[in-house]
Amino acid sequence: MPLSQRHPRKVAVVGISLSDCGRVDGPTPYALHAQAARRALADSGLGRDVVDGVASAGLGTLAPAEVAEYLGLRPRWVDSTAVGGATWEVMAAHAADAITAGHANAVLLVYGSTARADIRAGRRTSDLSFGSRGPLQFEVPYGHTLIAKYAMAARRHMHEYGTTAEQLAEVAVQARANASRNPDAMFRDPITVDDVLSGPVIADPFTRLHCCVRSDGGCAVLLVAEEYVPDTAKAPVWVLGTGEHVSHTTMSEWDDFTVSPAAVSGRLAFERAGVGPGDIDIAEVYDAFTYMTLVTLEDLGFCPKGEGGAFVEKGRLRLDGALPVNTDGGGLSACHPGMRGLFLLVEAVRQLRGEAGGHQVRQPDGSVPELAVASGTGGWFCSSGTVVLGR
């Protein structure tokens, strides 16, 4: 029977891992890729011979070919989609589609970066640049940096809806509270709203603690077809629905600074999963800056547009809050080695498995969460990928 006439194959995450993260001065980015890949395969209980798909971006000239070669893999399906921080949720969507269609059986998503170590060692002497060709040539001459774009968007939200700097600071405070219970987090000491507001201004209204940390690290996720699940070491976490969306590259083409592409990717993911925001137990969202968390929560439908400030200031994002968000501490406190989107998937799966240790979220009855959403953002709200996962 042709595959198109069969019941679509379900897709599960069966292996997850972190490489060494935080302050990692010795290994190369390739070594972090390999470390994460080995650990994810060990976590799955499967051998590397089952892997016939590799997805990677951000390293080398021919990613993921170079990464696959370094790992000793010869995949028949690859993806090198690069849309910034949303890359990994978009890749997970592509991998799930490929597995469902029978184009691949087991896809490894893998990432590694020594962004912090490279700066310290002088191997990289400036912050990330997206270049000045193409559409960006109309913005670069004015010094419109990535953080300035996010700051401008945050200011627009403050103007339109009365969102305050204190409310944005609450996002950082609650992320740090979650990180305080995660031994792998880079920064764990509690902070207050006053600590955030009194720090040096990076781009108004953002002070230093409104911005993500700079770290090293990597991670990996293994997705497989349902027929592999009986041979895996742990219970599967199923991919229930995905969505992706690209909205703009230049600020002049962004219709509304207060709306992110998660408004589309989230809606698609929820529709395809057959669930709604109210069904979700935990959310892992991209948080290079505090405003990203706030507006993404609005656009995913956890609160109405413009009410994100009031939503986040009531402690809802904490591990014991109404909607635990970035349960590992997020990019604001745990780690941020570059394109952090894959870390969102790792943490979501860890929580659904009940393997998060001291920062494990528990339901009122003591059980672990059943449904999670991971939503990555790329560029300056240019792209979004959203994945709904369930036990």
Side-chain angles (χ1 to χ4, degrees), residues 11-22 32 35-46 88-89 91-92 95-96 107-112 174-175 177-186 188 215 217-224 229 232-240 280-287 317-321 323-337 339-363 366-376 385-391:
V11 179
V13 177
V14 297
I16 57 169
S17 72
L18 299 179
S19 73
D20 294 346
C21 292
L32 294 181
Q35 187 181 64
R38 285 194 301 268
R39 290 176 179 178
L41 285 169
D43 181 67
S44 74
L46 300 174
W88 305 101
E89 282 69 35
M91 282 184 171
V107 177
L108 181 69
L109 280 62
V110 60
Y111 178 66
Q174 293 175 62
N178 294 347
S180 71
R181 292 170 54 182
N182 175 15
D184 294 326
M186 197 168 177
R188 301 179 61 194
S215 74
C219 57
V221 170
L222 181 65
L223 299 95
V224 303
V229 168
T232 58
K234 298 177 180 178
V237 169
W238 300 100
V239 178
L240 303 181
I280 298 297
D281 299 313
I282 58 169
E284 310 295 341
V285 302
Y286 209 95
D287 62 339
L317 316 187
R318 295 175 183 260
L319 296 177
D320 59 355
L323 178 69
V325 173
N326 295 339
T327 48
D328 62 346
L332 293 170
S333 286
C335 70
H336 198 299
M339 295 186 292
R340 183 181 147 78
L342 194 54
F343 289 82
L344 309 181
L345 294 170
V346 170
E347 177 63 15
V349 172
R350 181 178 286 175
Q351 288 285 341
L352 294 178
R353 285 179 172 181
E355 296 178 346
H359 66 285
Q360 177 66 51
V361 172
R362 294 285 175 182
Q363 306 281 56
S367 63
V368 299
E370 293 187 2
L371 290 174
V373 63
S375 189
T386 303
V387 180
V388 177
L389 301 165
R391 289 193 285 119

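Note that the structure is a prediction, hence the values are computed from the model and not measured. One-based numbering along the sequence shown.
- For the residue pair M339 and Y111, the shortest heavy atom distance occurs at N-OH, 3.0 Å.
- For the atom pair E370 CD and I280 CD1, the distance stands at 11.0 Å (nearest 0.5 Å).
- In this structure, R188 and P183 have side chains that are in contact, with non-hydrogen atoms separated by less than 4.5 Å.
- A donor-acceptor pair under 3.5 Å links the side-chain atoms of R340 to the main chain of C335, judged by distance alone.
- No side-chain heavy atom of D328 sits less than 4.5 Å from a side-chain heavy atom of D184.
- Qualifying salt bridge (charged side-chain N to carboxylate O under 4.0 Å, His left out) partners for R181, counting only residues two or more places apart in sequence or in other chains: none.
- Across every non-hydrogen atom of V110 and W88, the tightest pair is O-CH2, 3.1 Å.
- Of the options L371, V349, V373, a side chain to side chain contact (heavy atoms under 4.5 Å, CB included) to L389 is made by V349 and by none of the others.
- From E284, atom CD reaches atom OG of S375 across 11.0 Å, with rounding to the nearest 0.5 Å.
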Worksheet entry | L317 vs N326, side-chain contact (heavy atoms from CB on, under 4.5 Å): CA-CA, chis, key distance, verdict | CA-CA 8 Å; L317 316 187; N326 295 339; over 6 Å; no

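- Within the 4.5 Å cutoff, the side chain of R391 has heavy atoms near those of the V368 side chain.
- Summarising the geometry, atom CZ belonging to F343 is positioned 9.5 Å from atom NE2 belonging to H336; distances are rounded to the nearest 0.5 Å.
- Across every non-hydrogen atom of A36 and A220, the tightest pair is O-CB, 3.5 Å.
- Residue W238 forms a side chain to side chain contact (heavy atoms under 4.5 Å, CB included) with just one option from V11, V388, L352, V229, and that option is V229.
- Nearest heavy-atom pair across L345 and A374 is CD2-CB, 3.8 Å.
- Between S19 and Q35, the closest heavy-atom pair is CB-OE1, 3.2 Å.
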Discussion item. Is there a side-chain contact (heavy atoms from CB on, under 4.5 Å) between T327 and L319? Walk through the geometry before answering.
Written reply: CA-CA 6 Å; T327 48; L319 296 177; 3.7 Å; yes

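- In this structure E89 satisfies the side-chain hydrogen bond (donor to acceptor under 3.5 Å, both in side chains) test with no other residue, sequence neighbours excluded.
- Here D43 pairs with R353 in a salt bridge; the nearest charged N to carboxylate O distance falls below 4.0 Å.
- The nearest pair of heavy atoms linking A334 to N182 is CB-ND2, 4.4 Å.
- Distance CG/D281 to CZ/R362: 12.5 Å, rounded to 0.5 Å.
- Shown here are the side-chain contact (heavy atoms from CB on, under 4.5 Å) partners of R318, two or more places apart in sequence or in another chain: V173, Q174, A177, N178, D320.
- Atom NE2 of H359 and atom CZ of R350 lie 5.5 Å apart (nearest 0.5 Å).
- In this structure, CG in L41 is found 6.0 Å from CG in L222, a value given to the nearest 0.5 Å.
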